[in-house]
2 protein chains.
Amino acid sequence: MATNTRDALIDAAARLLDTGGPVAVTLREVGRQAGVSRGAPYKHFADKEALLAAVAARELAALGTQLSEVTAPGGRHNDLRALMHRYVAWALAHPERFRLVFAAWSRPLEELGSAANSARARLVEATAAAQRSGQLPAADPERLSALLQALANGAVELALAGHLSPDGKGRASPDDLVDDLFGYLRAPAAGTQ
Amino acid sequence: MATNTRDALIDAAARLLDTGGPVAVTLREVGRQAGVSRGAPYKHFADKEALLAAVAARELAALGTQLSEVTAPGGRHNDLRALMHRYVAWALAHPERFRLVFAAWSRPLEELGSAANSARARLVEATAAAQRSGQLPAADPERLSALLQALANGAVELALAGHLSPDGKGRASPDDLVDDLFGYLRAPAAGTQ
DNA sequence: ACCTGAACACCGTTCAAGT
DNA sequence: ACCTGAACACCGTTCAAGT
């Protein structure tokens, strides 16, 4: 699938990550699956953390294009709630990638940092658009988007840890909590009936 | 400090956890710090995960007593916002313990499960009390408390990952987001001016 | 009942050497 | 420029043997 060694290493790492988290990503097995020796990965990545950061950056970019498809159609169908549901669905479907993207890194990692920044910018813009259309109350869009993302992330993690229903059978699901928040946010908006 | 080997092992594990996360908790070093051989921990814990779960359960219990001190004084001063701020402060002060408590475990772990349940019950009760005092709108207390906890957890994790300010200088802090949520929640409450 | 110490099958990372 | 293969200092876990 991968045209070069570097991509093959990232592919293998992503595969191993999904099966058992960062612990399952051993550079030796990564090299094995990419068809190189165990020393080879170190010619492409400084260490294991750098390889994981490359996986996270790639996943964050892929998520970005997925989410822009939600807002794209027509250019005006900017339903932020649908975007958040799509985001939650991605996180629940790929728990390890989600956790990796929001992991605490031991040092700043170039590629991942810029991917995270552009993802944040996208969310802030979508939030501002929702405010313009009256879906959300007037407030600092940076701060309001942080509230939305914090809730979504927290809800997903509670669900992943088993403290919430993933699908809404019986107990509340992450999607339910997102809807609840949008409900509470709608009320204070002045002049929207 | 510890009177028996089992407690000494948990103490050592907690110490190592704080310094470098679960990866830093090696059973060999735990044994070393507890003054026993490397095989000894296996007489007290099935494996590394069981030891970590014991650490998490102990921390969750300690957190519970900390939080009950916030609501205790007078028995009527049940300010849920203050409770949430205390919770956030704990999480920011002990990131690794916070992450461990909400980690995804490979199997159900007795001791941790019951500690988590009683912590949840406490939060739900505090939420219901806040509803009775008019601080929060009428809604299923289970679901409303999940909303609060999801936001707090998500905000803390965003802060720990560097996507939020930990102390509110410049960008929003977790405490700011908690306050924002309480603000949005107050509005829809009927009959409270 | 609890502990020791060797053993097995792994790791991340480094480095001389090859092409 | 990229890769190999051995080497070093670690792991988690098991198990016979001791007290």
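Labels below follow one simple rule: chain letters A, B, ... track the order of the sequence lines, proteins then strands, and each chain is numbered from 1.
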- Query: Hey, are A/Arg86 and A/Glu69 close enough for a salt bridge, meaning a charged N less than 4.0 Å from a carboxylate O?
  - Reply: no
- Pairing partner of C/dA6 (Watson-Crick or G-U wobble, both distances under 3.5 Å): D/dT14
- Task: Would you mind telling me which residue lines up with the more 5' stretch of DNA chain D, B/Leu27 or A/Val36, judged by nearest nucleotide?
- Result: A/Val36
- Check whether any side-chain heavy atom of A/His163 lies under 4.5 Å from a side-chain heavy atom of B/Gln149, and answer yes or no. no
- Task: Indicate yes or no: does A/Arg122 engage A/Glu125 in a salt bridge with an N to O separation below 4.0 Å.
- Result: no
- Query: Is B/Asp140 paired with A/Arg171 through a side-chain N to carboxylate O contact shorter than 4.0 Å?
  - Reply: no
- Message: I'd like to know if B/Glu29 pairs up with B/Arg32 as an ion pair, taking the criterion as any Lys NZ or Arg NE/NH1/NH2 lying under 4.0 Å from an Asp or Glu carboxylate oxygen.
- Response: yes
- Sugar-phosphate, base or nothing in reach of B/Val25, heavy atoms under 4.0 Å: sugar-phosphate
- Query: Does any non-hydrogen side-chain atom of B/Phe182 lie less than 4.5 Å from one of B/Gln135?
  - Reply: yes
- Mind checking B/Thr26 for me? I need base, sugar-phosphate or nothing, with any heavy atom below 4.0 Å counting as a touch. sugar-phosphate
- Note on the structure: Judged by nearest nucleotide, the residue sitting upstream toward the 5' end of DNA chain C, B/Gly35 or B/Arg38, is B/Gly35
- Query: So what does A/Lys43 hit on the nucleic acid, given a heavy-atom distance under 4.0 Å: a base, only sugar-phosphate, or nothing?
  - Reply: base
- Bounds of contact between DNA chain C and chain B, in 5' to 3' order, using a heavy-atom cut-off under 4.0 Å: C/dC3 to C/dA7
- Query: Nearest nucleotide by nearest heavy atom, which residue falls closer to the 5' end of DNA chain D, A/His44 or A/Arg28?
  - Reply: A/His44
- Who is the Watson-Crick or G-U wobble partner of C/dA1, with both distances under 3.5 Å? D/dT19
